[in-house]
Amino acid sequence: MALLPHVSRRAAVFGAAAFPLIRIVKGQSRPKNIAVASANGVRACAKAIEVIKSGGDTLDAVIAGVNIQELDPNDTSVGYGGLPNEDGVVELDASCIHGPSRRGGAVGALQGIKTPSKVAQLVLSETDHMMLVGEGALRFAKHYGFQEEDLLTERSRMAWLTWKREMRDHNGHTNWESGVDAPPAPKKTAELRKLFPHMDDELIAWAHEVAARPPTGTINCIALNEKGEMSATTTTSGLAWKIAGRVGDSPIIGGGLWLDQDVGGAGSTGRGEENLRIAGAHTIVENMRHGMSPKEAALDALRRVARNFNNDERRMQAVDLNFYVLRKDGEYCGASLWNKRSVTATTAASFSVCQNDGRSHLENSVYLLERR
Ligand code: GLY
C-alpha cells in the first residue's frame, strides 16, 4: 500500500483513530528539562533538575530527588519517620521506571531500609525481576549493602501510640490507657505529654488528627530531559495503621506509577486502593496516547474513580487521591479528586514543578470535586 506523505503506516492502516498518535509525535520535537512531583516534592524537583543539568540520567535524577523526602524524619508519609502499620512497624513501598530502557523495578512491604526507591532501582538494574516484597526484599537490600535500621521516630511512635489509645469499646474503654474509666480529653493529653515530654501541643494535636484520620502521603516524581528521555518513581510508607503486609498503589507498576517513553508518565498519591480500582497511572498515559492533554487524561481517570462510588460525593468525602502527569513534550499537570484535602484545609490541592531555571515551586492542581 502506498503511504501518503507525513502519514504513518499505522494511520494509513487504521484510519482516523490513529491520528491522535500523530499529535503526540509532533509534540515530541521540543523536549526540555522538567521535573514534576507531588506537593511534598519541591526539593525533589530541584534536585532532579540539578542532576539532569549535570549530565545525570533521568532515573538517577528522580531517585536522588525523592531520597531527600525518604530521609527526612519530618515527612511522615515516606521512608524514615513514615507512619507505621498497626503493629507499629514502618513498611515501605516504592517503584521506578526508566523510560529509555523501558524497565521497571519495585519493592513492597519493605521494613528497615530508609530509601526503598533505591532498592526498587536495584531490582530494575540488577535483576530480571520486577518486584520484591517483605523479607526477600530486605535480604536483597542487605546483599547490596543497605543497613537495616529502626525507621520509627519519636514523632511517628507517638502518633501510633495515640492511635492505639484512641481505639475504644462502646463504653469508651481502651486497654492502652491507665484506669478503668475513659479519662476526659485533658487527662488523655496529659498522659501523652508525660510519655513524650519534648512534644509540643501542636505535635500532640497532629497525633490526634492522624490517629482519627489515617493519612496516605507518598511522593511521586517524574522527569524529562532535553534529549526527550523520561523516568519516574513513587515511594511511600503507605496508609497509616494498615494491616501488616498491606501494599498500596505506589509499588504497583501501572497503578501508582506508569511511564511510556513514547508518550509520558503519571504517578499518584493518596488512597491507593481507589487508584488501583482504575489502574490510574496506566489509564492516564493511555489516555494521552490517544490524544488527551495531561489535564483531560487525569480528569478522565478521576471520573472513573467517582463512577466507582456512583458519583456519590458524600461517600467520597474521605477519599484523597492525586495524580501528577508529565507528557513527553513537557506538558504537565497535577490533578486531584478534591479541590482541597479537607473541608477545613486552607490551601488548594497542589503539586511541585521545576524547569531548567532550577526554581522549584508549587502550582495548583486541577480538580474534579469541590468541598463546600
Ligand atoms: N498511595 C499510597 C498508598 O495508598 O499506599
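Counting starts at 1 for both ligands and their atoms, following the listed order.
- The shortest distance between side-chain heavy atoms of Q69 and T235 does not fall below 4.5 Å.
- Residue G256 places no heavy atom under 4.0 Å from ligand 1.
- Looking only at protein heavy atoms, the nearest one to atom 5 (O) of ligand 1 is R246 NH1, 2.6 Å.
- W241 and W163 have parallel rings, their planes meeting at less than 30° on a 0 to 90° scale where 60° marks the start of perpendicular.
- Ligand-side atoms of ligand 1 in range of T218: 1 (N), 2 (C), range being under 4.0 angstrom from any heavy atom.
- Any N or O atom pair closer than 3.5 Å counts here, and D93 shares no such pair with ligand 1.
- Here's the thing with D249: one of its N/O atoms is less than 3.5 angstrom from an N/O atom of ligand 1.
- Near G270, with a cut-off below 4.0 Å to any heavy atom, the atoms of ligand 1 are 1 (N), 2 (C), 3 (C), 4 (O).
- Residue pairs meeting the side chain to side chain donor-acceptor pair (under 3.5 Å) criterion with at least one member in residues 120-130, sequence neighbours excluded: D60-Q121.
- For ligand 1 and S250, the ligand atoms under 4.0 Å from any heavy atom of the residue are 1 (N), 2 (C).
- Between M288 and P294, some side-chain heavy-atom pair lies under the 4.5 Å cut-off.
- Here's the thing with G238: none of its N/O atoms is less than 3.5 angstrom from an N/O atom of ligand 1.
- At a heavy-atom cutoff of 4.0 Å, ligand 1 is contacted by no atom of E91, backbone or side chain.
- A donor and an acceptor atom, one from each side chain of T269 and N322, are located under 3.5 Å apart.
- Polar contact with ligand 1: absent for G248 (N/O pair, distance under 3.5 Å).
- Here CG of L151 is found 8.0 Å from OH of Y80. Values are rounded to the nearest 0.5 Å.
- In this structure E149 satisfies the salt bridge (charged side-chain N to carboxylate O under 4.0 Å, His left out) test together with K114, sequence neighbours excluded.
- Ligand 1 lies nowhere less than 4.0 angstrom from a heavy atom belonging to K242.
- A donor atom on one side chain and an acceptor atom on the other are found under 3.5 Å apart for S268 and D249.
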